[in-house]
Amino acid sequence: MTKMTKHSPLACLSKAELFKDLPKNLREKLVTISTHQEYFPKGSLIRQPFDGKDGMLVMDKGHAKIYSLNEDGKETVLGTLNKGDSEGQEHLFSDGNQENYIQATTDTWICSMTRKDFQNLLQETPGLALRLLNSFGKKLVAVEQNAIRRNSMDAKERIMAHLEDLSKKQEANVVTLELKKKDLASLLGITPETLSRKLKELENENRIEVKGKQIRIL
DNA sequence: CCATTAATAGGCG
DNA sequence: CGCCTATTAATGG
């Protein structure tokens, strides 16, 4: 393990979309119930079933993927986490064990807080509850949309739709894939081979240009 | 270097 | 399309 960066809990929480517009006094309240910064080396599991960890986490630095495992041992990628993203909000409301895995895809630092502490704070802080609901809703829409695409669009269309999402999010015509292509394939509900082939097709149709993880949308 | 993992290609159902 | 296998590229130690 390398150096330990000095940790500012307030700065960490303030990066989160969910918290960053909160008045400082509220953020300081959150700090009082949050853990110290935790380090996870690339490839390690931040969360897994039956690890006994509840509550939510905030990405301070790094990237991670969320996935589930079926009985054949194959993983299905459910989403990604980037700096400032928060995850595990559902565990703030119920104390069941989660069935998903969260794995660091780069060296990662996170902050977290437990369900109990968070619930107590929520009761004293309605404004916080409102923001949480809004964020929760946005996530729901994204998940729903991916589900809709899986059922209504063929592989090529799904890939293009995803690239356009990325383009919008990254505000560029040249997008950078945040996942390995095999993980992206899993997220889109297709195989890596199909992804590879369809990217080629799209390229031949002059709709995109692929250079490794950089893709230009034409 | 070697070993492992990721990406691509081709065949087939 | 997915699944399987072979080949190649990229990655890590």
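So you know, we letter chains A, B, ... as the sequences are listed, proteins then strands, and number each from 1.
For the pair A:Arg207 and A:Ile159, the minimum side-chain heavy-atom distance is 4.5 Å or more. No side-chain heavy atom of A:His91 sits under 4.5 Å from any side-chain heavy atom of A:Met56. Contact of the A:Lys200 side chain with the A:Glu203 side chain is registered, since non-hydrogen atoms from C-beta on lie closer than 4.5 Å. Contact of the A:Arg158 side chain with the A:His162 side chain is not registered, since no non-hydrogen atoms from C-beta on lie closer than 4.5 Å.
Within a 6.0 Å radius of CD in A:Glu124, more than 12 heavy atoms belonging to other residues, nucleotides or ligands are found.
Summary of helix geometry: the two end axes of the helix from B:dC1-C:dG13 to B:dG13-C:dC1, each defined by five base pairs via their C1' atoms, are inclined to each other by 10° (rounded to 10°).
Applying the side-chain contact (heavy atoms from CB on, under 4.5 Å) rule to A:Val31 yields the partners A:Pro9, A:Leu10, A:Leu13; only residues at least two apart in sequence or on another chain are considered. For A:Asn120, the side chain to side chain donor-acceptor pair (under 3.5 Å) criterion is met by no residue, not counting sequence neighbours. For A:Lys20, the side chain to side chain donor-acceptor pair (under 3.5 Å) test picks out A:Glu17, with sequence neighbours left out. A:Phe19 meets the ring-ring contact (aromatic ring centres under 6.0 Å, His included) test with no other residue; sequence neighbours excluded. Every residue two or more places apart in sequence or in another chain that forms a salt bridge (charged side-chain N to carboxylate O under 4.0 Å, His left out) with A:Lys169 is listed here: A:Glu178. Qualifying ring-ring contact (aromatic ring centres under 6.0 Å, His included) partners for A:Phe40, counting only residues two or more places apart in sequence or in other chains: none.
Here the range on DNA chain B touched by chain A, meaning any atom under 4.0 Å from one of its heavy atoms, is B:dA6 to B:dG11.
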Hey, can you pull the donor-acceptor pairs under 3.5 Å for the side chains in residues 182-193 of chain A, sequence neighbours left out?
{"unit_1": "A:Asp183", "atom_1": "OD1", "unit_2": "A:Lys65", "atom_2": "NZ", "d": "3.1"}
{"unit_1": "A:Asp183", "atom_1": "OD2", "unit_2": "A:Lys65", "atom_2": "NZ", "d": "3.1"}
{"unit_1": "A:Ser186", "atom_1": "OG", "unit_2": "A:Glu75", "atom_2": "O", "d": "3.3"}
{"unit_1": "A:Ser186", "atom_1": "OG", "unit_2": "A:Val77", "atom_2": "N", "d": "2.7"}
{"unit_1": "A:Thr191", "atom_1": "OG1", "unit_2": "A:Thr194", "atom_2": "N", "d": "3.3"}
{"unit_1": "A:Thr191", "atom_1": "OG1", "unit_2": "A:Thr194", "atom_2": "OG1", "d": "3.0"}

Using the 3.5 Å cut-off, write out each protein N or O paired with an N or O of nucleotides 5-12 of chain C and the distance between them.
{"unit_1": "C:dG12", "atom_1": "OP1", "unit_2": "A:Lys42", "atom_2": "NZ", "d": "3.2"}

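Among the protein residues, A:Gly43 comes within range of no part of the nucleic acid, since none of its heavy atoms lies under 4.0 Å from any strand. No engagement by A:Leu195 is indicated, since no non-hydrogen atom pair under 4.0 Å with the nucleic acid exists.
The aromatic rings of A:Trp109 and A:Tyr39 sit tilted relative to each other, their planes meeting at an angle between 30° and 60°.
Within residues 196-214 of chain A, the residues having any heavy atom under 4.0 Å from DNA chain B are, by residue number, A:Ser196, A:Arg197, A:Lys200. Taking a 4.0 Å limit (strictly below) on heavy-atom distances, residues 177-184 of chain A reaches DNA chain B at A:Lys180, A:Lys181, A:Lys182.
Each of A:Leu199 and A:Met153 belongs to its own hydrophobic cluster when Ile, Leu, Val, Met, Phe, Trp and Tyr are linked at side-chain heavy-atom distances under 4.5 angstrom.
The phosphate of C:dC3 (OP1 or OP2) has no side-chain N or O of A:Thr191 nearer than 4.0 angstrom.
Panel note: side chain A:Thr35, backbone A:Ser112; a donor-acceptor pair is recorded below 3.5 Å.
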